[in-house]
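Encoded as C-alpha cells, the structure appears first; notes follow it.
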Amino acid sequence: VVWRPPAIYHSSCEMDVEYFPFDEQTCVMKFGSWTYDGFQVDLRHQDDSTQDNSKTKKSKNNNNAPDIVELGIDLKEFYKSVEWDILGVPAARNVKFYTCCDEPYLDITFNITMRRKTLFYTVNLIIPCMGISFLTVLVFYLPSDSGEKVSLSISILLSLTVFFLLLAEIIPPTSLVVPLLGKFVLFTMILDTFSICVTVVVLNVHFRSPQTHSMPPWVRRVFIHLLPRLLVMKRPAKEASSSLPPLHVSMDKKGCNGYEFPLISHQIMVGNITPTLKYQRRENGNLETSNCKIHGYHHHILDGQHSHDVHQRSLLENEYDPVAFDPDEDGSPNLNSRSPRTPPNPNRCPEITRALEGIRYIAAVTKSEEESNKAKEDWKFVAMVMDRLFLWIFTVAVLVGTAGIILQAPTLYDTRPAIDEELSEIEATQIKPTDSPDGGFPSLGSLLS
C-alpha cells in the first residue's frame, strides 16, 4: 500500500548574503519521526539502492557515512524560478543515536542548493555603480579653472547615496556580514569622499599667488622638475620676448619753458637709454641764440663765439657723469675733445622729468606683474601635476578595488549547469493566434474542445 498524502511544506532558510548578489544558498529540509525509533519505522528514500534493513541497527560507535541519493527530489513538475537556479537536490539518510535511548532514530535530509540569477542586479545595480565610480576619476581631469570640480564630486557622492539606499531595501537585513555589493558601493563612496578632499587641496594650490604664498624649493624640485617627467607631462616652452620698439622723445624749439633750444632727440629703451644730441641750425649757419638749461645742458652763445658746455645726466638713475664738449672752428660741437668734468646741473625741464618718472613707474609695475604672473603660473602648473598624479592613483584604485571586490565571489567561477532547466517538463503556456481563415484568434469552442 502506497499512501501519498498531498501537502505543502513551508520552510525557512538562513540566508548568507556575504556575496550578494553573486550568492549561493542551501536550504535544508529534514523529515523524521520523534515518536517511533528506527526499529519501528525504517525511513528510506524510494531511490535508495540499499535495501538491507540491518543498517538501521547501528551502534553508537558506528560512524559510517549516510546513504545519499544525488537526485532526491523529482523536478519534472517544477516551475522554473526567475530569480534562482537549482544546482542540486541530494537526499541523505541519517541514523542518529541519542544518550537517552539505545534505539536509533532515522531521518532523511534534503539539501536544496540554489544559485541566484544575477542579470537583474548586474543591469540595475552593478553597472550603474561601476559607471558612477569611474566618474570619480574624471574629477581630476576637469580643469581647475572650470569651477565645477567640487560640484561634480558632490553630485557623484549623492548618486552613490541614492544607490546605497536602494540597496538597503533589496538586501535582507542582517548584521552578521556586509554584502559584496554593499562593500563595493561603500568603497566607491569612501573613494569619492577622498576625491573631494584632494580636490579642495588642488584648488587651494591652483589659486595661490605670490602675495599670499611663497613656493618652497622642494615643491619646485618635486612638482615642476621631477614628477612631470615621470607623468609624461611637458610644460609649453615660453616664447622669446621680442625687444620693444624704441620710444622717441623729441623736443623742438620752445620745447621747454617757452625757450628755444637745440633739437634734442632721445631714444629710450627699457633698461637702456641712449641720448643723441642734434643741434638745430638757422639758415645763416649759426646756432640760435638762447639761454635754456635742460637736463644739465648749458648753451651760451655770444657774437659768433660759440662755447658749449654739455652736461649729461642719467635719465633713469639720475647719475649721468657730465662731460663738456668743445666746439670746432665752424661752431659745431667737437665730440672727440673732452674737457674735465663739471658738476651736474640740478635744474631740469619739469615736463620731461614727469614723463620719465611715469615711464620708470610703468616699467616697474610691468616687471612686478610679470613676476607675479610667473609665480601664479608655477602654482597652476603644480596643481596640474597634482591633478595628473591623483588621476593615475585613483584610476588604479578604482580598477584594483572593483576587481578585488567583485571578483572574489565564488559563483563567478561556478560553471555547474542548473538541473531545473534540464529536468523540468513544465513550460509557460502562451495563447497564440492560430492560422484561422479570418486571421483572428481561435474561438472559445475550439479552446474548450
Side-chain angles (χ1 to χ4, degrees), residues 127-160 184-244 270-271 365-407:
I127 293 180
C129 287
M130 292 180 65
I132 293 176
S133 66
F134 279 99
L135 287 179
T136 306
V137 179
L138 297 181
V139 174
F140 300 101
Y141 197 73
L142 190 65
S144 299
D145 291 328
S146 64
E148 299 294 334
K149 294 171 72 70
V150 178
S151 301
L152 179 59
S153 300
I154 294 177
S155 301
I156 295 173
L157 186 61
L158 294 177
S159 302
L160 291 174
F184 175 68
V185 176
L186 189 61
F187 164 77
T188 308
M189 292 180 64
I190 294 175
L191 202 66
D192 188 70
T193 304
F194 280 139
S195 71
I196 294 176
C197 299
V198 171
T199 301
V200 171
V201 175
V202 171
L203 290 178
N204 180 275
V205 174
H206 178 81
F207 290 103
R208 287 185 178 183
S209 63
Q211 288 77 18
T212 58
H213 297 82
S214 60
M215 184 176 294
W218 68 269
V219 173
R220 183 178 300 275
R221 182 171 59 254
V222 173
F223 289 95
I224 294 183
H225 301 291
L226 180 60
L227 284 180
R229 293 196 298 267
L230 299 178
L231 298 175
V232 196
M233 297 179 63
K234 186 177 181 181
R235 194 172 185 180
K238 295 183 179 180
E239 297 181 358
S241 59
S242 59
S243 59
L244 296 177
V270 176
V365 171
T366 303
K367 183 178 180 181
S368 177
E369 289 182 354
E370 289 179 355
E371 293 177 353
S372 178
N373 292 334
K374 184 178 181 302
K376 290 180 180 180
E377 293 299 327
D378 289 341
W379 282 117
K380 290 183 179 181
F381 185 72
V382 170
M384 185 184 301
V385 172
M386 294 176 64
D387 267 335
R388 183 64 58 86
L389 176 63
F390 287 114
L391 173 68
W392 286 109
I393 291 176
F394 275 74
T395 301
V396 174
V398 169
L399 293 177
V400 174
T402 302
I405 293 176
I406 300 298
L407 297 181

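In this chain, residues are counted from 1 in sequence order.
- Atom OG1 in T188 sits 9.5 Å away from atom CZ in F134 (nearest 0.5 Å).
- Closest approach of C129 and V185 over heavy atoms only: SG-CG2, 3.8 Å.
- Residues T136 and L191 come closest through the heavy atom pair CG2-O, 4.3 Å.
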Please set out all donor-acceptor pairs under 3.5 angstrom arising from side-chain atoms of residues 397-406, sequence neighbours excluded.
residue	atom	partner	partner atom	Å
T402	OG1	V398	O	2.7

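- From I127, atom CD1 reaches atom CD1 of I132 across 12.5 Å, with rounding to the nearest 0.5 Å.
- Just one residue in the list I154, V150, L142 forms a side-chain contact (heavy atoms from CB on, under 4.5 Å) with T199, and that residue is V150.
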Practice problem: Determine, step by step, whether M386 and F140 satisfy the side chain to side chain contact (heavy atoms under 4.5 Å, CB included) criterion, reporting the C-alpha distance in whole Å, the side-chain angles of both residues, the deciding distance to 0.1 Å, and the verdict. | Solution: CA-CA 9 Å; M386 294 176 64; F140 300 101; over 6 Å; no

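- With sequence neighbours left out, N373 forms a side-chain hydrogen bond (donor to acceptor under 3.5 Å, both in side chains) with no residue at all.
- For the side chain to side chain contact (heavy atoms under 4.5 Å, CB included) test, residues two or more places apart in sequence or in another chain that qualify with M384 are M233.
- The distance from atom OG of S153 to atom CG of L138, rounded to the nearest 0.5 Å, is 10.5 Å.
- Residues S133 and F187 have side chains not in contact (no heavy-atom distance under 4.5 Å, counting atoms from C-beta outward).
- Using a 30° and 60° split on the angle between ring planes, W379 and H213 fall in the perpendicular class, above 60°.
- For S372, the side chain to side chain contact (heavy atoms under 4.5 Å, CB included) criterion is met by P210, Q211, K376, not counting sequence neighbours.
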List, one per line, each side-chain donor-acceptor pair under 3.5 Å for residues 215-230, sequence neighbours excluded.
residue	atom	partner	partner atom	Å
R220	NH1	D378	OD2	3.4
R229	NH1	H225	O	2.7
R229	NH2	H225	O	3.4

Practice problem: Give the intermediate values and the outcome of side chain to side chain contact (heavy atoms under 4.5 Å, CB included) for residues I393 and V198. | Solution: CA-CA 12 Å; I393 291 176; V198 171; over 6 Å; no

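- Every side chain to side chain contact (heavy atoms under 4.5 Å, CB included) that E370 has, sequence neighbours left out, goes to T366.
- Among residues at least two apart or in separate chains, salt bridge (charged side-chain N to carboxylate O under 4.0 Å, His left out) pairs with a member in residues 384-396 are K149-D387.
- In this structure, the side chain to side chain contact (heavy atoms under 4.5 Å, CB included) partners of S151, at least two apart in sequence or on a different chain, are E148.
- Within the structure, salt bridge (charged side-chain N to carboxylate O under 4.0 Å, His left out) contacts touching residues 191-215 (residues at least two apart or in different chains) do not occur.
- Atom OH of Y141 sits in a sparse spot, with 12 or fewer heavy atoms from other residues, nucleotides or ligands closer than 6.0 Å.
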Quiz item: Given the rule in the side chain to side chain contact (heavy atoms under 4.5 Å, CB included) test, do S144 and V202 qualify, once you have shown the distances and angles that lead to the verdict?
Solution: CA-CA 8 Å; S144 299; V202 171; 4.1 Å; yes

Practice problem: List the steps, then state whether side chain to side chain contact (heavy atoms under 4.5 Å, CB included) holds for L135 with L152. | Solution: CA-CA 9 Å; L135 287 179; L152 179 59; 5.6 Å; no

